[in-house]
Protein chains: 2
Amino acid sequence: MSVTIYDVAREANVSMATVSRVVNGNQNVKPATRKKVLDCIERLGYRPNAVARGLASKKTTTIGVIVPDISKSYYAELSRGIADIATMYEYNIILSNSDKRPTREVELFEDHLGKQVDGVIFMSDSLSDEIRKEMATANVPVVLAGTLDAGTNLPTVNIDHEDAAYQAVKKLIENGHKRIAYVSGPLSRDINRLCKKVGYEKALKEANLPLIDEYFIETNNTYDDAYEKWKLIRDLDERPTGIFAGNDEIAVGIMNGLRDDGLSVPDDIEMICFQHTLLSRVVRPQLSAVVVPLYDLGAVSMRLLTKLMNGEEVDDVSVILPHRIEERQSTK
Amino acid sequence: MSVTIYDVAREANVSMATVSRVVNGNQNVKPATRKKVLDCIERLGYRPNAVARGLASKKTTTIGVIVPDISKSYYAELSRGIADIATMYEYNIILSNSDKRPTREVELFEDHLGKQVDGVIFMSDSLSDEIRKEMATANVPVVLAGTLDAGTNLPTVNIDHEDAAYQAVKKLIENGHKRIAYVSGPLSRDINRLCKKVGYEKALKEANLPLIDEYFIETNNTYDDAYEKWKLIRDLDERPTGIFAGNDEIAVGIMNGLRDDGLSVPDDIEMICFQHTLLSRVVRPQLSAVVVPLYDLGAVSMRLLTKLMNGEEVDDVSVILPHRIEERQSTK
DNA sequence: CTGAAAGCGCTAACAA
DNA sequence: TTGTTAGCGCTTTCAG
C-alpha cells in the first residue's frame with residue numbers, strides 16, 4: 001500500500017525508532033544519519049500517518065469546533081480567526097454545525113471526543129445542563145467563543161455586550177432621543193437577554209427615560225423578520241425616533257421597511273446597531289454600529305485553547321475583548 | 001485513563017471481538033449477549049476511540065475540505081451544503097483555508113492525506129500543475145466544488161457559468177441596451193476568465209454589438225475595489241447603460257458609486273449580477289441576479305464524494321446544476 | 001547516538 | 001454465535 005516508517009527504516013538501514021526521531025525533529029540523531037534518513041523519506045515519498053501517530057502519542061493535533069451555522073457570516077468570520085491561529089500552532093479543525101439544537105450539540109461534542117480531539121471551541125446561544133455536564137467531564141479543554149457562560153466557570157472569550165449596548169443607546173440619548181426602541185435578536189440567546197437588553201435598559205434608566213414594552217421588539221435575527229416587525233413600530237401611536245438594533249441584518253430589515261413607508265434615516269429615525277457583517281458599511285445610509293471583533297474573538301479563543309492544551313498556567317480564563325462604536329450615516 | 005473496548009469485554013464477560021461486533025451493529029450476536037454488552041457500555045460510559053478504529057480499519061469517516069476563505073459567504077454557504085450531507089453519511093469534516101495560495105493548497109492537501117481523510121472536496125480559483133499532480137496520485141477521491149477543471153478530468157460540481165453570464169447579458173440586450181459593461185472578478189479565477197467573460201462576449205457578438213475594451217473592468221472581488229472602479233466607468237465618453245457584474249458585492253460597490261454620483265438604478269443604468277449572498281435582496285434597489293445554488297453545489301459535491309468513496313459506479317463525474325435568473329429592481 | 005520491543009485501542013480474518 | 005490472534009503505523013521507554 002503506502003509507504004510506512006518501516007519501509008524508510010529498511011531503505012536507510014536504520015531502525016524505525018531513528019526514522020521516528022528524525023521525523024519528529026529529535027536532536028539525538030547524528031547529522032549524517034539524519035541526512036540519510038531524510039533522503040530516503042524524500043525518495044520514497046514517505047508521509048507520516050497521523051492516525052497511527054495519534055494512537056501512539058494520544059495527541060491528534062486536531063481540535064473540534066462546534067458552531068451553530070457556518071453559513072452565517074458571524075460564525076464564518078469567527079471561525080476564520082480560530083482557523084488562522086490553529087494553523088499557526090499546527091492544529092487541524094473538525095468543524096460541525098449544531099443549528100443550536102441542544103441534543104445535537106451534545107451528540108457533536110461526544111462525536112468530537114470520540115475522534116480524540118485535543119480540545120474544543122464551542123459556540124452557541126445558551127448552554128444546556130447536558131452540554132455543561134459533558135464539558136465538565138471531558139478530558140480535554142473547552143473554550144467558549146462569543147458564547148455566554150451564565151453559570152459555570154468555563155474559559156470564555158467575549159466582548160462586554162452589556163456595555164456595548166449601553167454605549168450605543170447612550171449615543172442615541174445624547175442625540176436628544178427620548179423614545180428609543182430596541183429591536184433584538186431572540187431572547188433565547190443569553191447574550192441578548194442577559195447583556196444587550198440589560199445594557200439598553202440601563203441606559204434608559206440612567207437618563208430617566210421610561211421603559212416602554214412596545215419599544216422592545218424581538219426578532220428571529222433575520223432580515224425578513226425584521227422587515228415585517230418594522231410594521232409593529234410604524235403602527236405605534238408614539239413612534240420611537242431612535243432605534244437600537246441587535247445586529248446589522250436586523251437593522252437593514254427595519255431600515256428598508258421604514259424607507260418603504262416613506263421615512264428616512266437618519267432624518268426621521270436615527271439608528272445604531274451591532275455590526276456583524278459587511279452590511280453595515282455597504283447599505284446606504286451606512287449604519288452607525290458597535291464593531292464586534294469577530295475574527296479576534298475566534299483568534300483569541302484558539303490561542304487560549306492552545307495554552308490550556310499545553311497545560312500552561314492561565315491567569316484569567318475569561319477574557320473580554322475591547323469593542324468600539326463607529327459612527328456613520330444612520331446617526332447624526 | 002479512559003475506558004476501552006477491553007474494559008467493556010471484561011465487565012461483560014465476553015471477548016473484545018464481541019464488543020466490537022455490537023458496537024458496529026454486526027448481526028451475528030445473540031440478543032442476550034448484545035444486551036449485556038450494551039448495558040456495560042452504558043454503565044462504563046464507553047466511547048469508541050475513532051483513532052484506533054481508523055488505524056485498524058483504514059477508514060476515518062473524515063473528509064477534508066479545502067476552501068479559499070471560509071469567512072467569505074460564498075464558501076461558507078457552499079461548505080454548509082457539504083457539511084449537511086456529510087452529517088447525513090456520518091462523516092466529519094476537516095476544514096482548512098488556503099487563501100488560494102498554490103503552495104498552501106498543496107501543503108493542506110498533503111496534510112489532509114496525512115490525517116488519512118477518506119476523501120477531499122477542493123475549492124479554488126484555478127488548479128496549479130502541482131495540485132493537479134497531487135490529486136492525480138492521491139489514493140482517495142477528490143471532488144472539485146464550484147471550481148473549474150480546465151484540463152484534467154476530475155470529478156466536478158458546478159453550474160454553467162458561461163450560459164448564466166450569457167443569459168444575464170442577453171437580458172440587458174433585450175431591454176434595449178447597446179452599451180453594456182462587464183465588471184468582473186479577477187481573471188485569475190478560471191471561471192471568470194473562461195466562462196463568464198466568454199458568455200458576456202458571446203451575447204454581445206450574437207447581437208452584433210461591439211466588444212469595447214473600456215467596458216471590461218476587472219476588480220479584486222471586493223466592495224471597496226468595485227466602488228473605486230466605478231469611476232473608470234463614470235469617466236468614459238460613452239458611458240454604458242447596462243452593467244453586468246460578476247457578483248453582488250461588486251454590483252453593490254458599483255451601484256453605490258453610481259448613486260454617490262447622482263445617478264440612479266435602473267433609470268440611468270440597469271444592472272444584473274451573479275448572486276452569491278444576501279446582499280442582492282437586501283440592498284435597494286434589489287439586484288436582478290443569476291441565483292447561484294451555493295448550498296446545493298456543496299451538497300451535491302459531498303454526495304458525489306460519498307459515491308466515489310464507496311467505489312460506486314458514477315456515470316458522469318462532472319455534474320452541472322441548473323441556475324435561474326431572478327429579476328428584481330435593478331432591471332426594468 | 002541507535003535499536004529492540006512493548007504497546008496505543010481497535011478491526012478482521014480465522015477457528016472453534 | 002463467540003473467541004483468538006494478528007496486525008494497523010507509530011511513539012516511547014529502556015538498554016546498550
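Hydrogens, waters and symmetry mates are skipped; everything else that's a heavy atom, side chains included, is used. Chain A is the first sequence line, chain B the second, and so forth, proteins listed ahead of strands; every chain is numbered from 1.
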Closest to the [X] side chain: [options]?
X: B/T4; options: C/dG9, D/dG9, D/dT11; result: C/dG9
X: A/K30; options: C/dC10, D/dT12, C/dT2; result: C/dT2
X: A/T18; options: C/dA4, D/dC10, C/dT2; result: C/dT2
X: B/A56; options: D/dC10, C/dG9, C/dC1; result: C/dG9

Between [X] and [N], is there a side-chain N or O to OP1/OP2 distance below 4.0 Å?
X: B/S15; N: D/dG3; answer: yes
X: B/N24; N: C/dT11; answer: yes
X: B/S20; N: C/dC10; answer: no
X: B/K58; N: D/dG7; answer: no
X: B/R53; N: C/dT11; answer: yes
X: B/Y6; N: D/dT4; answer: no
X: A/T33; N: C/dT2; answer: yes

Starting from [atom2] on [N], measure out to [atom1] on [X] and report it in whole angstrom.
X: A/L113; N: C/dG9; atom1: CG; atom2: C1'; value: 16 Å
X: B/Q116; N: C/dC10; atom1: CD; atom2: P; value: 18 Å
X: B/M16; N: D/dG3; atom1: CE; atom2: C1'; value: 11 Å
X: A/R10; N: C/dG3; atom1: CZ; atom2: C1'; value: 16 Å
X: B/L55; N: D/dA6; atom1: CG; atom2: P; value: 18 Å
X: A/L44; N: D/dG9; atom1: CG; atom2: C1'; value: 15 Å
X: A/K36; N: C/dG3; atom1: NZ; atom2: C1'; value: 13 Å
X: B/I5; N: D/dT4; atom1: CD1; atom2: P; value: 14 Å

Point to revise | Residue whose nearest DNA chain D nucleotide is more 5′ - B/N28 or A/V19 | key: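 Its nucleotide being nearer the 5' end, the pick is B/N28.
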
Practice item. Tell me, yes or no, whether the heavy-atom count around A/E312 atom CD, taken from other residues, nucleotides or ligands under 6.0 Å, exceeds 12. Key: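 It does: A/E312 CD has more than 12 such atoms within range.
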
Practice item. Remember a base hit wins even if backbone is also touched, and classify A/V14 as base, sugar-phosphate or nothing at under 4.0 Å, heavy atoms. Key: sugar-phosphate

Exercise for review: Grab the two heavy atoms, one from B/V117 and one from B/V140, that are nearest each other, plus how far apart they are.
Suggested key: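 Closest pair (atom of B/V117, atom of B/V140, distance): O-CG1, 3.4 Å.
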
**Study point:** Contact summary for A/L304 and A/V317, nearest pair of heavy atoms
**Key:** CD2-O, 3.8 Å

Exercise for review: Taking A/S128 for its side chain and A/I131 for its backbone only, find out whether a donor-acceptor pair lies under 3.5 Å.
Suggested key: yes

Point to revise | Exam field: side chain A/K115 to backbone B/T60, donor-acceptor pair closer than 3.5 Å | key: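 Side chain of A/K115 to backbone of B/T60, a donor-acceptor pair under 3.5 Å: yes, one is there.
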
Exercise for review: Would you kindly check whether a donor in the side chain of A/R21 faces an acceptor in the base of C/dG3, or vice versa, at under 3.5 angstrom?
Suggested key: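 Yes, the side chain and the base share a sub-3.5 Å donor-acceptor pair.
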
Point to revise | Side-chain heavy atoms of A/I94 within contact of A/N92, under 4.5 Å | key: no

